[in-house]
There are 2 protein chains.
Amino acid sequence: MIFDATDQKLLDLLQEDSKQTNKELANKLDLSVTAVFERIKKLEKAGFIEKYVALINKNKIGKPFVVFCHIKLLQHSHDNVVKFEREVSHLNEVLECYHLSGDYDYLLKVLVADMAAFREFMIKKLTNINHISSTHSMFVISEVKHTTAISF
Amino acid sequence: MIFDATDQKLLDLLQEDSKQTNKELANKLDLSVTAVFERIKKLEKAGFIEKYVALINKNKIGKPFVVFCHIKLLQHSHDNVVKFEREVSHLNEVLECYHLSGDYDYLLKVLVADMAAFREFMIKKLTNINHISSTHSMFVISEVKHTTAISF
DNA sequence: GATGAAACTCAGCCTAT
DNA sequence: ATAGGCTGAGTTTCATC
């Protein structure tokens, strides 16, 4: 598939605002509406565009508290790893979970209402998952930058 | 403003797929098309919905390598902090930057092509910012979970 | 461009306060 | 009775071919 500078610009625009009409995009890219339409379909089919989503304000819905949580496992047998990953994926407070190199095995991004809710999460959910050896939590004081848009 | 269970469901649906038509949403929510339309406008105006974006596949555009980078500052004077935060925000490899409690001051999520590109980023960009005392990088082995959707 | 569908507007209705 | 959400019809604009 051909992927040129115009496709890049198009992805930049769609990553910023996916509700723009093809006409608006056409103006910005100096293309016809149909050309924009076809490029978008091409990018969707080729898997460049994964999905279109609404981003919502976490403060507005009462979950302003972000915690990053390092986790070390007791053992790293295949079964334990798979089980841990599956269980952690099902926790809806966990927005992101990464398997990492370094001292700790995993990094979790956890979203909750406040410190009390985080405590509940730790006690009732996280440490209820077996095979966790230790955890280390870091609280977000402020979000300096947060974007979903990848630059080229 | 009233915010009820239907609004929650609507936000859940829009966080999953913002390209659904109001008709589809109306069916899922058992409402009329107009009612859905009005609720969405209400949620946009009230700031619950921040923006609509396309999520793109980082592997497809040649940036599959994710690194989390802890950073400690030398001094924490107001000026240094502001300057650091501004400069780091301008780096397009940095998708996210958080001011954290704990041993390190900041956590950065960095997206690059590969280890060589990360090295370039560290040498040419990151450590070029003054007032950095130390850094500690952790490489993502696998992304176990990654969602932009916040649950209620 | 043409067309079918979607977004958006409006006027009036229903419900709860 | 008043406010708010709901509906369905009508109009404009968009996506799609």
Side-chain angles (χ1 to χ4, degrees), chain A residues 1-64 92 113 147-152, chain B residues 1-61 146-152:
Chain A
M1 197 198 81
I2 310 133
F3 180 76
D4 62 14
T6 305
D7 290 319
Q8 278 190 18
K9 265 194 218 164
L10 180 52
L11 286 182
D12 282 339
L13 292 168
L14 290 174
Q15 284 189 106
E16 197 48 49
D17 177 10
S18 63
K19 274 284 160 76
Q20 296 174 83
T21 64
N22 290 349
K23 191 175 173 181
E24 290 173 298
L25 294 167
N27 284 336
K28 291 176 184 171
L29 296 169
D30 213 12
L31 288 175
S32 72
V33 172
T34 304
V36 169
F37 175 75
E38 283 169 353
R39 277 176 187 265
I40 291 175
K41 289 302 156 204
K42 177 189 74 178
L43 292 168
E44 288 172 354
K45 283 198 184 101
F48 284 76
I49 297 172
E50 291 193 326
K51 61 198 307 200
Y52 298 94
V53 301
L55 298 181
I56 72 174
N57 185 324
K58 62 187 180 336
N59 301 312
K60 282 276 176 184
I61 62 160
K63 301 228 183 170
N92 64 18
T147 180
T148 54
I150 303 170
S151 342
F152 292 92
Chain B
M1 197 199 81
I2 309 132
F3 180 76
D4 62 14
T6 305
D7 290 318
Q8 278 192 15
K9 266 194 217 163
L10 180 52
L11 286 182
D12 282 339
L13 292 167
L14 291 173
Q15 284 189 107
E16 197 48 49
D17 177 9
S18 63
K19 274 282 160 74
Q20 295 174 84
T21 64
N22 290 348
K23 193 174 171 182
E24 290 174 298
L25 294 167
N27 283 336
K28 290 176 185 171
L29 296 169
D30 213 12
L31 285 176
S32 73
V33 173
T34 307
V36 168
F37 176 78
E38 284 170 350
R39 277 175 185 266
I40 291 175
K41 289 302 156 204
K42 178 188 72 176
L43 291 168
E44 287 171 355
K45 284 199 183 102
F48 283 77
I49 297 172
E50 291 193 326
K51 61 200 307 203
Y52 297 94
V53 301
L55 299 181
I56 72 173
N57 185 325
K58 63 189 183 332
N59 301 312
K60 283 276 175 185
I61 61 161
H146 187 195
T147 180
T148 55
I150 303 171
S151 341
F152 292 92

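The chains referred to below are lettered A, B, ... by the order of the sequence lines, with proteins before strands, and numbering in each begins at 1. Below, all heavy atoms of this structure are taken into account, side chains as well, without hydrogens, waters or symmetry copies.
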Next on the checklist: Using the side-chain heavy atoms of B:T34, tell me which of these nucleotides is nearest: D:dG5, D:dC17, C:dT9.
Outcome noted: C:dT9
Next on the checklist: Measuring only between side-chain heavy atoms, which start at C-beta, is A:E16 closer than 4.5 Å to B:K51?
Outcome noted: yes
Checklist entry - Is the shortest heavy-atom distance from the side chain of A:L31 to the side chain of A:R39 under 4.5 Å? => result yes
Checklist entry - Is a donor on one side and an acceptor on the other found under 3.5 Å between the side chain of B:K60 and the backbone of A:A46? => result yes
Checklist outcome for this item: Among D:dT16, C:dC10, D:dG5, the one nearest any side-chain atom of A:K41 is D:dT16
Checklist entry - Whole Å only: how far is the CG atom of B:N22 from the P atom of D:dT12? => result 19 Å
Checklist outcome for this item: In whole angstroms, the gap separating C1' of D:dT13 from CD of A:Q20 amounts to 16 Å
Next on the checklist: Would you say that A:I40 contacts A:L25 through its side chain, given a criterion of any heavy-atom pair below 4.5 Å between the two side chains?
Outcome noted: yes
Item to check | Residue-phosphate contact under 4.0 Å: B:K23 side-chain N/O, C:dA5 OP1/OP2 | outcome: no
Next on the checklist: In this structure, how many angstroms lie between the C1' atom of D:dC6 and the CG atom of B:D4, rounded?
Outcome noted: 13 Å
Checklist entry - Separation of B:L31 atom CG from D:dG4 atom P, in whole Å? => result 18 Å
Checklist entry - Whole Å only: how far is the CD1 atom of B:I40 from the C1' atom of C:dA6? => result 12 Å
Item to check | Whole angstrom value for the distance that separates P of C:dC8 from CZ of B:R39 | outcome: 17 Å
Checklist entry - A:T21 near the nucleic acid: base, sugar-phosphate alone, or nothing, with a heavy-atom cut-off under 4.0 Å? => result sugar-phosphate
Checklist entry - With respect to the side chain of B:F37, which nucleotide from D:dC6, D:dT16, C:dC8 is positioned closest? => result C:dC8
Checklist entry - Taking CG from B:L25 and C1' from C:dA6, how many angstroms apart are they, rounded to a whole number? => result 12 Å
Checklist entry - Say you draw a straight line from CZ of B:F48 to CG of B:L14; how long is it, rounded to the nearest 0.5 Å? => result 13.5 Å
Next on the checklist: I want to confirm an ordering. Mapping B:I2 and B:D30 to their closest nucleotides on DNA chain D, which one lands closer to the 5' end?
Outcome noted: B:I2
Checklist entry - A:Y52 OH to C:dA6 P: how many Å, rounded? => result 17 Å
